[in-house]
Amino acid sequence: MDNEPIKQQRNLVTELPGPNSRALEARRSAAVATGVSSMFPVYIERGEGAILVDVDGNSLIDLGSGIAVVSVGHGAPELVEAVSEQIARFAHTCFMVTPYEGYVAVAEALNRLTPGDHEKRSALFNSGAEAVENAVKIARHVTGRQAVVVFDHAYHGRTNLTMALTAKNAPYKDRFGPFAPEIYRVPMSYPFRDTEGMTGAEAAARAIEQIERLVGAHQVATVLIEPIQGEGGFVVPADGFLPAIAEWCRNNGVLFTADEIQTGFCRTGDWFACNHEGVVPDLITTAKAMAGGMPLAAVTGRAEIMDHVHASGLGGTYGGNPSACAAALASIAIMESQDLAGAARKIGATIQARLGAINSPRLGDLRGRGAMMAIEIVEADGRSPDAAAAKRIVGACHQAGVVTLSCGSYGNVVRLLPPLVIAEELLGEGLDVLVGAIEQELAS
Ligand code: PLZ
């Protein structure tokens with residue numbers, strides 16, 4: 001393999017996708033199930049920092065981080081070294097059979113870094129969906145209650161229970177039912193689409209009224225919420241919404257579970273999105289950026305809640321895999337030593353300044369926190385979702401070698417999730433391309 005450092009520069013040498021990517025795409029369609037699709041069928045060979053190099057030798061700017069995963073950048077040497085060293089010592093024992101230090105160290109780090117200074121415990125799993133499933137298991141076990149309250153626009157995964165927790169039908173749930181019972185959905189605070197001027201407290205009261213009337217507080221095991229919604233459209237609730245929901249939970253013996261799988265680990269400019277409003281969840285789910293690309297997820301919570309579950313009630317063959325734990329410890333060390341939360345705040349300010357300067361009713365809302373920013377594209381009325389336009393903007397970025405993603409309940413949100421180590425200049429170039437794509441769309 002070519003080990004030359006990769007220049008942190010965009011460089012296109014073929015059209016996209018190039019001939020080698022197209023050949024792989026032909027092999028893929030004869031081998032890979034169509035249910036698993038790719039947004040941008042450019043096959044990647046190497047990555048470094050915020051650059052991905054494809055099989056045709058094109059260098060692309062990555063503003064998606066594999067959906068908020070490679071916050072420490074592609075190919076971070078400390079992470080490569082930690083994983084290589086671990087896998088050479090041993091690849092697997094199963095923590096439930098013979099344990100190892102890495103798992104314990106990751107649990108210690110999670111207990112230290114997650115919001116609140118109370119005593120905590122953690123359990124490790126493989127994927128975000130698996131962490132969410134386990135948070136629900138734990139909440140039901142300790143409360144003896146069954147109902148789980150989730151929100152409009154929520155995304156929590158694709159397994160059977162998490163499909164039920166996820167709001168949007170297509171593509172996630174369509175024809176995949178029946179779904180798990182005892183899931184109740186209430187309105188989210190969505191400032192751009194709520195009645196103008198609705199405060200966080202009012203939006204919380206609206207949700208709470210529904211919980212009390214339709215479910216009954218005494219039946220609810222947990223309220224599960226993404227403090228900033230990810231797949232649902234980077235929806236940032238109005239100030240005061242999360243604290244009001246958390247307080248209602250506290251007063252009613254309901255566990256407040258924060259799904260920080262997409263928002264966690266410095267993405268929003270703090271370790272966790274709950275930190276911005278001083279909200280302390282009883283349970284928190286994490287994954288993605290925690291291990292910089294190795295599959296690892298966790299549930300962290302108050303010791304008395306986590307330790308309520310009987311021995312062997314939680315687990316799995318690979319949960320807290322040694323190499324994934326090594327990757328997590330290396331990623332967390334990078335986040336701490338390079339102040340990636342501070343880097344995320346700077347990235348957010350740059351994006352805000354650049355996109356905020358475009359004036360058009362069709363850019364309905366520019367929102368997000370830190371390096372989790374999005375624009376909601378609407379029609380000239382300033383409100384009706386325009387998914388086709390968002391798709392064209394994302395497509396134009398791809399053609400120009402900039403990986404951006406769309407999201408949103410209405411498919412009309414363009415989101416940015418750059419690696420937190422991206423250089424200012426490279427981010428600027430990526431934003432030039434995005435702004436060009438937006439301007440082209442506005443002119444059409
Ligand atoms: N909770 C908040 O963002 C994963 C999913 C992409 P897994 N988001 C990306 C897709 O289309 O499958 C996610 C999330 C939040 C849970 C999950 C689920 O995490 O690791 O994908 O299972």
Side-chain angles (χ1 to χ4, degrees), residues 32-40 64-71 114 124-137 148 150-174 176 180 183 185 188 222-237 242 256-265 267-268 272-274 281 283-300 316 318-321 324 327-328 368-369 371-372 374 394 403-409 411 413 415-417:
V32 179
T34 48
V36 185
S37 62
S38 303
M39 282 173 222
F40 185 24
S65 300
I67 322 192
V69 172
V70 292
S71 292
T114 51
L124 305 184
F125 305 98
N126 302 291
S127 67
E130 208 189 336
V132 172
E133 292 241 1
N134 277 282
V136 171
K137 278 170 68 172
V148 177
V150 288
F151 290 82
D152 282 341
H153 315 290
Y155 183 91
H156 298 291
R158 293 176 179 270
T159 57
N160 186 261
L161 174 59
T162 59
M163 273 194 293
L165 300 169
T166 290
K168 195 173 172 178
N169 178 47
Y172 307 123
K173 302 164 74 163
D174 202 46
F176 295 136
I183 311 295
R185 193 170 309 284
M188 177 65 178
T222 182
V223 171
L224 168 66
I225 189 164
E226 299 155 88
I228 297 176
Q229 290 180 324
E231 304 306 305
F234 283 21
V235 178
V236 186
L242 293 171
F256 180 86
T257 303
D259 180 346
E260 292 241 21
I261 285 165
Q262 191 154 162
T263 50
F265 285 96
R267 175 54 55 187
T268 66
F272 295 93
C274 280
L283 292 168
I284 178 167
T285 55
T286 51
K288 291 189 183 274
M290 165 165 53
M294 294 293 284
L296 187 67
V299 181
T300 300
Y318 294 113
N321 168 271
R369 249 195 234 282
M372 182 173 183
V394 167
V403 181
T404 57
L405 312 170
S406 61
C407 64
S409 282
V413 178
R415 59 172 154 171
L416 299 174
L417 291 162

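Just follow the structure's listing: the first ligand is 1, and inside any ligand the first atom is 1.
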(message) Aromatic contact between Phe265 and Phe272, with the criterion being ring centroids under 6.0 Å apart: yes or no?
(response)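 Yes - the distance between ring centres of Phe265 and Phe272 falls below the 6.0 Å cut-off.
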Heavy-atom check, side chain of [X] versus side chain of [Y], under 4.5 Å:
| X | Y | value |
| --- | --- | --- |
| Phe176 | Asn160 | no |
| Val235 | Glu226 | no |
| Thr166 | Val150 | no |

Any protein N/O atoms within less than 3.5 Å of an N/O atom in ligand 1? List the atom names and distances, or say none.
from: ligand 1; atom 1: 1 (N); to: Asp259; atom 2: OD1; distance (Å): 3.4
from: ligand 1; atom 1: 1 (N); to: Asp259; atom 2: OD2; distance (Å): 2.7
from: ligand 1; atom 1: 3 (O); to: Gln262; atom 2: NE2; distance (Å): 2.8
from: ligand 1; atom 1: 8 (N); to: Glu231; atom 2: OE2; distance (Å): 3.4
from: ligand 1; atom 1: 8 (N); to: Lys288; atom 2: NZ; distance (Å): 3.2
from: ligand 1; atom 1: 11 (O); to: Arg158; atom 2: NH2; distance (Å): 2.7
from: ligand 1; atom 1: 12 (O); to: Tyr155; atom 2: OH; distance (Å): 3.2
from: ligand 1; atom 1: 12 (O); to: Arg158; atom 2: NE; distance (Å): 2.7
from: ligand 1; atom 1: 12 (O); to: Arg158; atom 2: NH2; distance (Å): 3.4
from: ligand 1; atom 1: 20 (O); to: Gly128; atom 2: N; distance (Å): 2.8
from: ligand 1; atom 1: 22 (O); to: Gly128; atom 2: N; distance (Å): 3.4
from: ligand 1; atom 1: 22 (O); to: Ala129; atom 2: N; distance (Å): 2.8

(request) Scan His153, Lys168, Arg415 and name whichever one has a side-chain hydrogen bond (donor to acceptor under 3.5 Å, both in side chains) with Glu231. (result) Arg415
(request) Using a strict 4.0 Å threshold on nitrogen-to-oxygen distance, state whether Glu130 and Lys137 make a salt bridge. (result) no
